[in-house]
Amino acid sequence: LSLHDALPISLAAAARRSPAPNPAAASWCTRGQDRRRVAPQGFVLLAYLRAMLVGVDEFGHALKPHTGLCERKHFFMSVYDQLQALNITLPVLGAPAGAYLPFVQTGNLVFLSGHLARKDGQVWQGQLGGAISTEEGQQAARAIAIELMGTLQAACGGDLNRVKRIVKVMSLVNSTPTFTEQHLVTNGCSELLGQVFGDKGKHARSAFGVAQIPLGACVEIELIAEIE
């Protein structure tokens with residue numbers, strides 16, 4: 001096992017998981033033709049320092065030079081770690097409700113069809129600026145983000161860690177003529193994607209107010225992602 005392939009973990013975790021230093025205890029690690037004896041604690045420390053100082057993530061990808069410690073910590077967590085931390089369970093991909101596909105892939109880009117807001121398993125109906133408040137609209141958009149990630153997981157063959165970038169989000173908000181906070185509503189989706197995917201979740205976006213959405217839904221959102 002090389003240092004390049006080692007998963008970096010925090011010094012605190014190393015202190016918790018590693019026994020007291022024992023000069024007699026050692027393990028072999030190989031890098032090219034060079035074989036060296038390295039104590040387990042030293043190996044963990046070197047792997048962590050390599051990630052933080054050389055600037056790579058757990059996959060060996062270079063981190064941005066300005067990335068801080070808190071930001072780098074995100075690189076060491078998988079998408080599923082983030083979802084678990086947020087207590088989010090992704091839904092299973094359902095059948096489309098019309099003559100279309102839930103997603104289409106061309107090259108490395110995946111285009112997800114529009115997803116309607118749902119609450120308690122039913123279409124979340126209402127109009128922003130009327131019966132639905134901006135805060136409720138944000139919750140609806142967040143719920144759609146979870147549905148979108150479920151579909152995106154299916155498009156990735158069951159592994160969201162294949163997502164290289166969330167490229168674009170387009171949001172349609174069922175609005176009264178005087179409602180002008182479509183961008184705030186859509187933040188409910190955008191912010192969750194950022195929490196789950198980190199820098200890879202930062203995306204371009206459009207948000208529109210529309211007179212009506214199929215089935216009277218309050219929000220509909222579609223997404224474009226790049227996958228590996």
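Side chains included, hydrogens not; waters and symmetry mates left out as well; all remaining heavy atoms used.
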Legend entry - E147 side, atom CD; L223 side, atom CG - distance, nearest 0.5 Å: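 With rounding to 0.5 Å, CD (E147) is 13.0 Å from CG (L223).
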Would you call [X] and [Y] a side-chain contact if the rule is heavy atoms closer than 4.5 Å?
X    : Y    : value
I224 : V110 : no
F197 : M149 : yes
Q139 : W124 : yes
L193 : V169 : yes
L86  : L192 : yes
I132 : V185 : no
L172 : Q212 : no
I227 : C156 : yes

Inset, instruction - Decide side chain to side chain donor-acceptor pair (under 3.5 Å) for R205 and S171; before the verdict, give the C-alpha distance in whole Å, the side-chain angles of both, and the deciding distance to 0.1 Å. - result: CA-CA 8 Å; R205 193 182 81 180; S171 172; over 6 Å; no
Inset, instruction - Verify side-chain contact (heavy atoms from CB on, under 4.5 Å) between M170 and F208, making sure each step is shown before the conclusion. - result: CA-CA 8 Å; M170 188 177 79; F208 301 94; 3.8 Å; yes
Main chain of [Y], side chain of [X]: is a donor-acceptor contact present, judged purely on distance under 3.5 Å?
X    : Y    : answer
Y80  : L160 : yes
Q105 : F111 : no
S113 : L101 : yes
N174 : V219 : no
D120 : Q122 : no
E191 : G188 : no

Taking all non-hydrogen atoms of both residues into account, name the closest pair between [X] and [Y] and its distance.
X    : Y    : answer
C189 : L148 : SG-CD1, 4.3 Å
L93  : P102 : CD1-CB, 3.9 Å
G157 : R162 : N-NH1, 4.0 Å
T186 : A207 : OG1-CB, 3.5 Å
I166 : A225 : CD1-CB, 4.2 Å

Linking I/L/V/M/F/W/Y whenever their side-chain heavy atoms sit closer than 4.5 Å, directly or via other members, would [X] and [Y] fall into one cluster?
X    : Y    : answer
F103 : I144 : yes
V123 : L128 : no
L215 : V210 : yes

Inset, instruction - Determine whether the side chains of E226 and N108 contain a donor N or O and an acceptor N or O closer than 3.5 Å. - result: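 Looking only at side-chain atoms, N108 and E226 do not form any donor-acceptor pair under 3.5 Å.
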Inset, instruction - Tell me yes or no: between the side chains of T134 and E181, is some donor less than 3.5 Å from an acceptor? - result: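 Yes, side-chain donor-acceptor contact under 3.5 Å.
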Legend entry - Qualifying residue for side chain to side chain contact (heavy atoms under 4.5 Å, CB included) with R165, from H203, E228, K202: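 Between R165 and the candidates, side chain to side chain contact (heavy atoms under 4.5 Å, CB included) is satisfied uniquely by K202.
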Inset, instruction - Would you please test N187 and Q138 for side chain to side chain donor-acceptor pair (under 3.5 Å) and show each step? - result: CA-CA 7 Å; N187 281 348; Q138 289 174 335; over 6 Å; no
Inset, instruction - Could you please spell out the steps behind the side chain to side chain donor-acceptor pair (under 3.5 Å) verdict for S175 and Q182? - result: CA-CA 8 Å; S175 308; Q182 291 83 4; 3.0 Å; yes
Inset, instruction - Might you work through the side-chain contact (heavy atoms from CB on, under 4.5 Å) test for L90 and I146, ending with a clear yes or no? - result: CA-CA 6 Å; L90 298 182; I146 295 173; 4.2 Å; yes
Inset, instruction - Would you please test E136 and C218 for side-chain contact (heavy atoms from CB on, under 4.5 Å) and show each step? - result: CA-CA 10 Å; E136 289 174 313; C218 58; over 6 Å; no
